[in-house]
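If you scroll down you'll find the structure; I have some questions about it.
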Amino acid sequence: MSVPLWMFLLVAAALFCLGIFTVLSRRNAIAILMGVELMLNAVNLNLVAFWRYRTEAGIIAERGGVAGQAFAVFVFIVAAAEVAVGLALVIAVYRSRQTVTAEDIDLLKG
Amino acid sequence: MPINLETIAFTLFAAMCVGGGLGVAVLRNLFHAALSLLLALFGAAGLFVLLSAPFLAMVQILVYMGAIAILILFVIMLTQQVIVPEPYNRQWVLGALAALVALGALFMVIAQLGGGDAPYLQPQPLAPEVSDSGIAALGSDLVDPGRYLVPFEVAGLLLTVALVGAISIARED
Amino acid sequence: MLEQWVFILVFGIVALGTPVAAIIVGRVIGPRRPNPTQQSTYECGMQTVGDAQKQYKIQYYIFTLLFLAFDVEVVLLLPWALAYNQLPLFALFEGAFLIFILAVGLVYVWRKGALEWR
Amino acid sequence: MPNLPVAAEIGSGPNPDEPLSIIVAAVLILLIAMGTLIFNIWFERKQVARVQDRLGPNRVGPWGIFQTIADVLKLLTKEIIIPSQIDRLTYWLAPVLAVGAVIMIWAVVPLSPVAIGSDLNVGALYFISISSLGAVGVLAAGWGSNNKYALLGGLRVIAQMVSYEVPLMLSLLVPVMLAGSLSMQDIVDAQGAMWYFILAPVACLIFTTAGQAEVARAPFDLIEGESEIVAGHHIEYSGLAFAMFYLAEWLHSFTLSALCVTLFFGGWQGPFAVEVPALGLLWFFLKTYAGYFILNWLRYTVPRVRIDHMMSFNWKFLTPIALVVLVMTATLEKLWPALFPVDPGRPGFIQSLPRAGILFLANLVLVGVVIMILRQVARRERQRVEDLVDEGQYSAPAPMPEPVEV
């Protein structure tokens with residue numbers, strides 16, 4: 001490996017911050033969900049990078065050697081569940097209010 | 001950083017990742033933003049390969065690009081608000097500021113780690129006996145009651161609940 | 001291990017380059033005489049009314065949703081299946097239980113009538 | 001058959017010091033895929049002509065064998081019409097993704113013991129991931145064309161592709177479990193003594209059926225329901241841009257046959273294949289063409305399925321059976337070593353007999369049970385319709401009027 005760890009972390013950090021910006025600034029609810037996906041992906045990148053650089057040789061086949069990968073798999077699953085329910089909510093709101101703009105969805109404001 | 005195939009590939013995939021992420025944040029056309037998300041996810045898959053986790057790279061393509069992205073594209077089509085005159089809300093300056101602050105903070109933390117010369121940052125060679133990059137180990141860990149068995153089954157439950165919930169929310173009746 | 005992916009990278013470039021090159025060659029060799037009628041959207045000889053990017057049926061979304069759930073389940077089952085012969089007997093019940101949980105979800109959706117195409 | 005010296009090097013791990021050899025191997029595999037494609041189009045047209053009692057292409061060259069080349073030349077000189085209402089980025093991305101995804105699968109198909117693009121340790125997973133990328137291409141074509149037929153066709157074909165990917169993946173898990181590896185070469189190696197078709201015939205049938213639907217070929221070619229949605233997602237493409245979709249579909253069909261052979265019919269395994277690798281190439285292509293012949297035969301014999309039936313067939317029939325097969329195989333894999341302990345002294349074929357026998361019998365029993373359940377369901381359905389007729393809620397359609405003599 002000739003690429004140092006911090007470069008991977010930097011890419012993940014950039015991805016995470018782009019995700020934050022998308023979530024905070026976009027008006028479209030689907031775009032906000034896409035921002036969340038970016039952030040989850042950045043987390044995964046960090047998990048795998050740390051797994052690759054900090055796991056000692058020979059430990060892989062033993063217990064605990066693939067913790068980073070296992071965590072990443074669970075992040076995938078949570079992301080899938082999140083996007084499924086999130087998009088279903090977007091569709092339900094769109095059907096009743098004909099909008100997917102997050103600001104207009106203020107049913108609870110009374 | 002020496003110039004070899006690995007660093008070139010890293011640069012390529014990192015550029016895809018960040019460029020795609022940027023596209024998600026700024027593109028006005030929502031469909032293009034979703035395609036840009038695909039690009040970012042593909043870049044991340046490439047980075048997973050470079051990190052010796054080909055299983056995750058393939059899962060990334062299968063789940064994120066093959067399923068989640070298609071779902072997102074579908075909903076974009078269903079809701080037909082693809083190009084809007086004003087893609088950002090009133091607090092977008094605040095959002096940009098928050099993102100920059102977060103980037104600065106993360107950058108400082110990463111700087112604390114030091115450059116690539118710090119000894120504990122040298123990657124460890126994968127053990128020669130695991131030619132499958134730890135997929136079999138992952139398989140036995142996932143169903144090991146002492147390790148991830150409970151998350152494994154709970155993940156299945158979560159999926160079922162999400163499936164049933166999403167379908168009952170999205171259906172017309 | 002990484003060496004094997006070099007080939008995938010090169011082959012990917014070749015594989016994506018082939019259609020790009022073919023289309024470019026087609027545009028260079030083929031004639032190009034555009035006119036408004038030829039370039040209009042195809043609609044069985046009728047004038048096209050409005051944009052195509054309209055609202056479509058929810059049914060498509062529901063099947064993609066089902067696919068997503070099973071897709072992720074396969075991701076969980078793949079390492080299990082791979083390592084299965086080295087695992088104790090107990091692993092059989094764990095894998096079967098996971099399949100059972102999702103099968104219950106499928107049966108529920110089926111009973112609810114969401115699998116009917118309408 | 002040439003001995004493929006360069007690809008042979010790649011098979012044992014490409015040499016990073018020789019980037020040229022990698023590029024040569026990549027181009028070689030591309031040429032194999034494309035060369036077989038040119039031949040396949042002629043092969044299939046000839047075959048379908050025989051099925052339909054026609055002659056098929058017979059003008060250009062002996063038996064019309066150069067017909068495809070003539071077609072390619074014709075397509076080259078056709079205008080690529082670009083509609084004015086398209087979304088440029090998406091419109092052009094679609095054919096590239098559709099073709100690229102199919103070609104990329106060939107990187108992991110083992111052609112002979114030494115000739116494989118790259119023996120990835122996640123080969124089988126690579127194949128399903130990459131083929132799921134093709135769906136993005138279809139969606140891009142449908143949306144980018146800004147045409148109602150294209151979009152409807154695209155949505156339909158996506159719903160079909162993603163649905164049938166579920167039984168495809170689940171049946172893929174069976175050979176992975178039997179071989180204990182995701183590497184394609186390992187899966188073929190493990191079939192040295194016994195093909196997995198014997199061990200998992202039901203999984204093989206599910207894989208082939210779901211694959212045929214994934215490729216969107218008859219009887220699952222709903223996108224080409226001309227009377228409903230004209231020609232599906234590629235309606236706005238012409239010239240070589242259309243040819244790309246055509247190419248993707250035909251190559252995908254052949255690729256499916258190759259994968260089926262690799263996963264269930266021993267790939268390049270055959271007499272003396274290990275000793276003479278070139279012979280492996282011959283066995284591989286013989287088997288693949290046999291599979292291709294059968295798939296085409298089905299394609300032109302079975303009538304098109306209605307979309308609601310197709311979705312029901314997938315979710316209410318194929319997917320549950322695939323789940324049952326998976327659990328059944330897992331159970332028997334733990335059972336047979338307890339009943340028949342492995343004796344390493346015996347030759348491989350004898351050793352594999354108890355395992356094959358138990359799994360094959362279990363599959364037969366499963367097929368029997370499924371047929372019984374199907375008959376039950378069919379009987380109940382007939383009864384339901386008869387009851388409706390008796391209550392007068394449903395009347396049989398009026399007979400066709402007599403044709404008038406002119």
Side-chain angles (χ1 to χ4, degrees), chain A residues 1-5 7-8 28-31 33-34 36-37 40-41 44 47-49 51-53 55 57-101, chain C residues 1-6 8-9 50-51 53-88 90-91 94-95 97-106 108-110 112-118:
Chain A
M1 289 293 283
S2 38
V3 183
L5 171 63
M7 300 196 88
F8 283 101
N28 192 312
I30 303 169
L33 276 174
M34 295 195 322
V36 175
E37 295 307 310
L40 284 170
N41 220 57
N44 255 357
L47 281 172
V48 181
W51 166 76
R52 177 68 182 85
Y53 281 81
T55 308
I59 212 174
I60 304 278
E62 292 161 28
R63 293 162 64 87
V66 287
Q69 287 204 40
F71 269 75
V73 166
F74 290 122
V75 172
F76 278 127
I77 291 158
V78 173
E82 173 253 346
V83 99
V85 177
L87 289 176
L89 286 171
V90 169
I91 287 182
V93 169
Y94 178 75
R95 194 178 300 120
S96 63
R97 312 209 52 180
Q98 301 298 313
T99 182
V100 285
T101 307
Chain C
M1 196 230 64
L2 221 50
E3 292 79 38
Q4 292 177 335
W5 288 89
V6 176
I8 299 292
L9 186 68
D51 246 11
Q53 282 136 20
K54 283 231 169 7
Q55 194 180 345
Y56 290 95
K57 274 205 299 191
I58 193 83
Q59 200 65 41
Y60 299 109
Y61 175 74
I62 287 180
F63 283 114
T64 320
L65 207 59
L66 268 168
F67 162 66
L68 178 69
F70 277 90
D71 203 31
V72 176
E73 194 203 12
V74 168
V75 167
L76 275 176
L77 284 175
L78 256 174
W80 170 78
L82 180 85
Y84 187 74
N85 283 330
Q86 307 153 25
L87 296 177
F90 194 47
E94 292 159 348
F97 187 62
L98 184 75
I99 293 172
F100 173 74
I101 293 175
L102 222 72
V104 168
L106 181 66
Y108 179 82
V109 172
W110 187 345
K112 274 273 186 175
L115 293 184
E116 310 305 327
W117 184 271
R118 279 177 299 176

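Naming: A, B, ... by sequence-line order, numbering from 1 per chain. Hydrogens, waters and symmetry mates are skipped; everything else that's a heavy atom, side chains included, is used.
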Whatever's closer than 4.5 Å to a heavy atom in chain A on C:Leu76 counts as side chain

Scanning both residues in full, the closest heavy-atom pair of A:Ala80 with C:Leu68 reads O-CD2, 3.5 Å

The interface call for A:Ile77 against chain C, heavy-atom contacts under 4.5 Å, is both

For this session: Take atom CZ of C:Phe100 as the centre, draw a 6.0 Å sphere, and report whether it contains more than 12 heavy atoms from other residues, nucleotides or ligands.
Result: no

Bottom line for A:Ala81: the part with an atom under 4.5 Å from chain C's heavy atoms is neither

Can you find a heavy atom in the side chain of A:Ile91 that is under 4.5 Å from one in the side chain of C:Tyr61? yes

